[in-house]
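Here's the structure, in structure tokens; my notes come after.
FYI, the numbering just counts along the sequence from 1. Heavy atoms only: backbone and side chains are in, while hydrogens, waters and symmetry mates are out.
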Amino acid sequence: MSVASQSFPPGICSWDHMPYGFPRWNGTVWAEAWVDRYNRQIDLIRRRFEDGWHVDDLVEDWYRMLTHFDLLAKELGTRD
């Protein structure tokens, strides 16, 4: 199925996993454990969405997690 024909919940534009060492939009690179958590959460959202569940709260939690990981990565990066 092509990305153009897939449907996504609001706030999600792809089901792609984040690879290890991927630089985020703000230049941060997450720890591997954080990338694993990101990938597990996107998989959970996808499964629930495809099963017809309401996923707005999961998406909101996912965005909060992304924000926290970005802030922590920036903080840890400035200590080096």
Side-chain angles (χ1 to χ4, degrees):
M1 180 183 310
S2 74
V3 172
S5 65
Q6 289 183 346
S7 64
F8 301 99
I12 304 285
C13 59
S14 169
W15 299 122
D16 294 342
H17 280 191
M18 181 187 298
Y20 297 123
F22 180 78
R24 299 267 300 149
W25 64 271
N26 60 4
T28 61
V29 176
W30 291 357
E32 290 184 4
W34 302 349
V35 173
D36 289 341
R37 179 68 180 105
Y38 171 100
N39 292 336
R40 282 193 311 270
Q41 186 71 10
I42 198 73
D43 287 344
L44 174 64
I45 293 168
R46 181 180 190 167
R47 282 192 310 274
R48 296 274 172 92
F49 179 72
E50 289 175 349
D51 288 344
W53 290 80
H54 178 79
V55 295
D56 290 349
D57 291 338
L58 290 172
V59 173
E60 185 176 330
D61 289 345
W62 181 68
Y63 270 100
R64 286 185 183 150
M65 180 187 70
L66 303 180
T67 301
H68 288 289
F69 288 169
D70 281 340
L71 291 173
L72 185 56
K74 274 189 123 31
E75 182 181 326
L76 292 173
T78 60
R79 290 185 181 173
D80 292 338

Are Met18 and Ile42 packed together at the side-chain level, in the sense that at least one heavy-atom pair is separated by less than 4.5 angstrom? no
Give the C-alpha distance, both sets of side-chain angles, the deciding distance and a yes or no for side chain to side chain contact (heavy atoms under 4.5 Å, CB included) between Trp62 and Met65. CA-CA 5 Å; Trp62 181 68; Met65 180 187 70; 3.7 Å; yes
Is there a continuous path of hydrophobic side-chain contacts, each under 4.5 Å between heavy atoms, that joins Leu76 to Phe69? yes
Are Leu71 and Leu66 connected in a single hydrophobic cluster, I mean Ile/Leu/Val/Met/Phe/Trp/Tyr linked by side-chain heavy atoms less than 4.5 Å apart?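 No, because Leu66 and Leu71 fall into different hydrophobic clusters, even though each may have its own neighbours under 4.5 Å.
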If every non-hydrogen atom of Thr28 is compared with every non-hydrogen atom of Ala73, which pair is closest and at what distance? CB-CB, 3.7 Å
Work out which heavy atom in Pro9 is nearest to a heavy atom in Trp15; give both atom names and the distance. CD-CH2, 3.5 Å
For [X], enumerate each residue passing the side-chain hydrogen bond (donor to acceptor under 3.5 Å, both in side chains) test, keeping only those at least two apart in sequence or located in another chain.
| X | answer |
| --- | --- |
| Trp30 | Asp70 |
| His17 | Asp43 |
| Asp36 | Tyr20 |

Would you mind writing out the side-chain donor-acceptor pairs for residues 45-58 within the sub-3.5 Å range, not counting sequence neighbours?
from  : atom 1 : to    : atom 2 : distance (Å)
Arg46 : NE     : Glu50 : OE2    : 2.9

All pairs passing salt bridge (Lys or Arg N to Asp or Glu O under 4.0 Å) where residues 12-22 contributes a residue, at least two apart: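 Every candidate salt bridge (Lys or Arg N to Asp or Glu O under 4.0 Å) pair involving residues 12-22 fails, so no pair, neighbours aside, qualifies.
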